[in-house]
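Heads up, the thing below is written out as structure tokens.
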Amino acid sequence: MHATAGGSSEPNATEREPLLSRDADDNQSDVSKNYASVDVRTVTLLDPEDEESVNLEDHVPEHKRQLGPLSAASLIFNRVIGTGIFATPSVILRSSGSVGLSLVMWLLGATVALCGTAVYIELGTGLPRNGGEKNYLEYIYRQPKLLVTCIYAMYAVLTGWQAASCSVFGEYALHAWNPSQPPSPTAARLAGVLCITVALVLHGTMLKAGVRIQNALGLFKLFILVGIAFSGLASLLRLPGFRLVNPPHNFEWGKMWKGSLQGGANAFVTGLFNVIWCFIGYSNANYALAEVRDPVRTIKRAAPLAMLAVTLVYFLVNVAYLAVVDKEEIVGSGRIVAALHFGKLWGVGAERAVSIIVAMSTLGNILAVLFTHGRVVQELGREGVLPFSSIFASNKPFNAPFAGLFEQWLVTSGLVLLVPPGDAYLFMLNLSSYPLAIINTFVSGGLVFIHLPDAWLPTRLQELRASYGWRPPFAAWTAVVVFFLLSNVFLVAVPLIPPSHGYRVYERLPYWLHVLVAWAISLGGVVYWYVWCVWLPRRGGYTLVREWVRDDDGTTRRVVRKVKAT
């Protein structure tokens, strides 16, 4: 069905292992280790000099580790901050009913994000490889072999992670170009596709230039958000140039809590759901850890730094908005709250700057997501689970995973151009967000199992956990992991609850559509695994065997071969 050859070069060394059965005669002299979901043996290097330049644990030549702490932090910062902080505060304020409760909700979202950061630091330091959740799911859910890999592959390949951001970029870039005329949907879509095409060219053919631009956009966002925060504080202090004629009184204690929970529990839950999604992205650097210099030390520093910076600027920017714009005006306006903030301080003409800021912020988000998810597709190619795996696994011809980046470009562009307008943006956003909650639920659930005391587990499960040998350089507190698991169960469950009367998730689509599509993708992964790994081998009388091979550039990957049953 999709067995691949070993590539253009002769492999230096290989080691076979059957996917659905154990080798009858295991060579006890070989050095064994756990890699992903399969027990395999370390690739033997024929040239001892190669050992100087290759990290055997991660199978990545040292010269390919080109990302430093700034780049790792930028991957997280750019992924988390897209359009949410510019638009979502009005939704949160409306859902909470009061200024005070809305700020509490932002703090709750930050708590969930910081717990998720701790979880992914533990996982990243324990398995410092490219691929992110692919590695963690394979490590925890080992049987049946390759089942979780195939399910995750469906999500990674079929989900257009950047589609919603591309649509937003097109709209705001054209609005910045001509503020007097709303852009047509077709023009906005084409501008969005042009944006991700530029991102493909940068990351696919000019790796260093793409990373530099990505880092610069991260610093630009930080500068802009800090500027908004200080402008709000300056307005509160009534400094010259920031003094308002009729300042709002949102922080007066009596007014601050007025209207709390007036929309009921359903509105509060919906608002909290939106807050948590504004912090999604703390795992983004984990997808590219094999390309980070000193990955364990770097992720332990870069991830907390990035998320603490996000938390601080999110809170201060919300304070800045409320210091300048009255609560009722924020709740009643359909515009981006940042536009109201700029307009109050510097006039309506300054709102054009908001379009430029949002477009640039979204561009940074698109670059960061494409960079990491292109590498996820490459790792799936290196596992041998994709058709034409040797192509997806390669870094040729530009020393970058161009095939994986191109696959993400193709799916994203297709969604941007083909999904009908109206509910398109929200549906694409939910379709990229909801699967993350499902994945995080299984990842954190598995980590909770690893963390549980022996006294809570039967003997059989104690033996299973002992077989993991999980001793990462950083370990999150068990309470933090449990809290993160519960938060993701919340994110998975809430979209299943019918919305309250008078509230619609979509204008025309059923509220559960993105949930159905996400679970259908999971089912598609199960079917793909069964046909490839079980049904076809039984019908054809062969066993699938994966072999380690080393390519010319020093990286290792697996190829899948059919071995006739004897």
Side-chain angles (χ1 to χ4, degrees), residues 68-90 92-93 99 102-103 106-107 109-110 113-114 117 168 172 176 212-244 247-248 250-251 275 278-282 284-285 301-325 330 336-347 350-368:
L70 175 62
S71 297
S74 175
L75 285 174
I76 298 172
F77 196 81
N78 271 314
R79 173 65 178 89
V80 176
I81 299 179
T83 60
I85 189 58
F86 301 109
T88 308
S90 59
I92 309 307
L93 186 57
V99 169
S102 71
L103 295 177
W106 280 99
L107 291 176
L114 293 174
T117 303
V168 169
Y172 282 92
R212 290 192 187 102
I213 293 173
Q214 187 170 274
N215 293 346
L217 287 171
L219 293 174
F220 169 80
K221 289 185 195 183
L222 183 60
F223 174 79
I224 291 296
L225 292 175
V226 169
I228 292 175
F230 276 111
S231 68
L233 294 176
S235 179
L236 281 177
L237 296 173
R238 301 185 65 79
L239 297 179
F242 298 90
R243 187 180 294 116
L244 298 175
N250 293 322
F251 295 113
V275 171
C278 284
F279 286 92
I280 290 296
Y282 38 78
N284 203 45
R301 296 184 176 187
L305 179 63
M307 290 309 300
L308 287 172
V310 168
T311 300
L312 183 61
V313 296
Y314 269 12
F315 190 81
L316 291 179
V317 166
N318 273 282
V319 170
Y321 290 155
L322 293 164
V324 173
V325 187
I330 295 175
I336 281 184
V337 66
L340 296 173
H341 176 90
F342 275 66
K344 288 282 185 179
L345 285 178
W346 295 295
E351 295 186 19
R352 181 174 187 175
V354 176
S355 295
I356 298 174
I357 291 169
V358 173
M360 297 297 285
S361 177
T362 308
L363 174 59
N365 178 270
I366 292 169
L367 283 167

Of all the heavy-atom pairs spanning [X] and [Y], show the shortest one and how long it is.
X	Y	answer
P248	L322	CG-O, 3.7 Å
L236	A323	CG-CB, 3.5 Å
A113	F279	CB-CB, 3.5 Å
F77	A309	CE1-CB, 4.2 Å
G109	V275	CA-CG1, 3.7 Å

Which of N78, N215, L75, I213 passes side-chain contact (heavy atoms from CB on, under 4.5 Å) with L367? It is I213
Open item on the list: For L308 and L114: C-alpha separation, side-chain torsions, deciding distance, then whether side chain to side chain contact (heavy atoms under 4.5 Å, CB included) applies.
Closed with: CA-CA 8 Å; L308 287 172; L114 293 174; 4.1 Å; yes
(message) Take a 6.0 Å sphere around CZ of F230 and say whether it holds more than 12 heavy atoms from other residues, nucleotides or ligands.
(response) no
- Message: Using only atom types and a distance under 3.5 Å, with no angle test, would you say the side chain of S231 pairs donor to acceptor with the backbone of I228?
- Response: yes
Could you check whether any side-chain N or O of N250 sits under 3.5 Å from a backbone N or O of V325, counting only pairs where one atom can act as donor and the other as acceptor? yes
Counting C-beta onward and ignoring hydrogens, is there a side-chain heavy-atom pair between [X] and [Y] closer than 4.5 Å?
X	Y	answer
L316	V226	no
V99	L93	yes
Y314	V80	yes

Separation of [Y] [atom2] from [X] [atom1] (nearest 0.5 Å):
X	Y	atom1	atom2	value
I224	L217	CD1	CG	11.5 Å
L363	Q214	CG	CD	9.5 Å
I357	F86	CD1	CZ	6.5 Å
I92	C278	CD1	SG	6.0 Å
K221	T362	NZ	OG1	7.0 Å
L225	I81	CG	CD1	5.0 Å

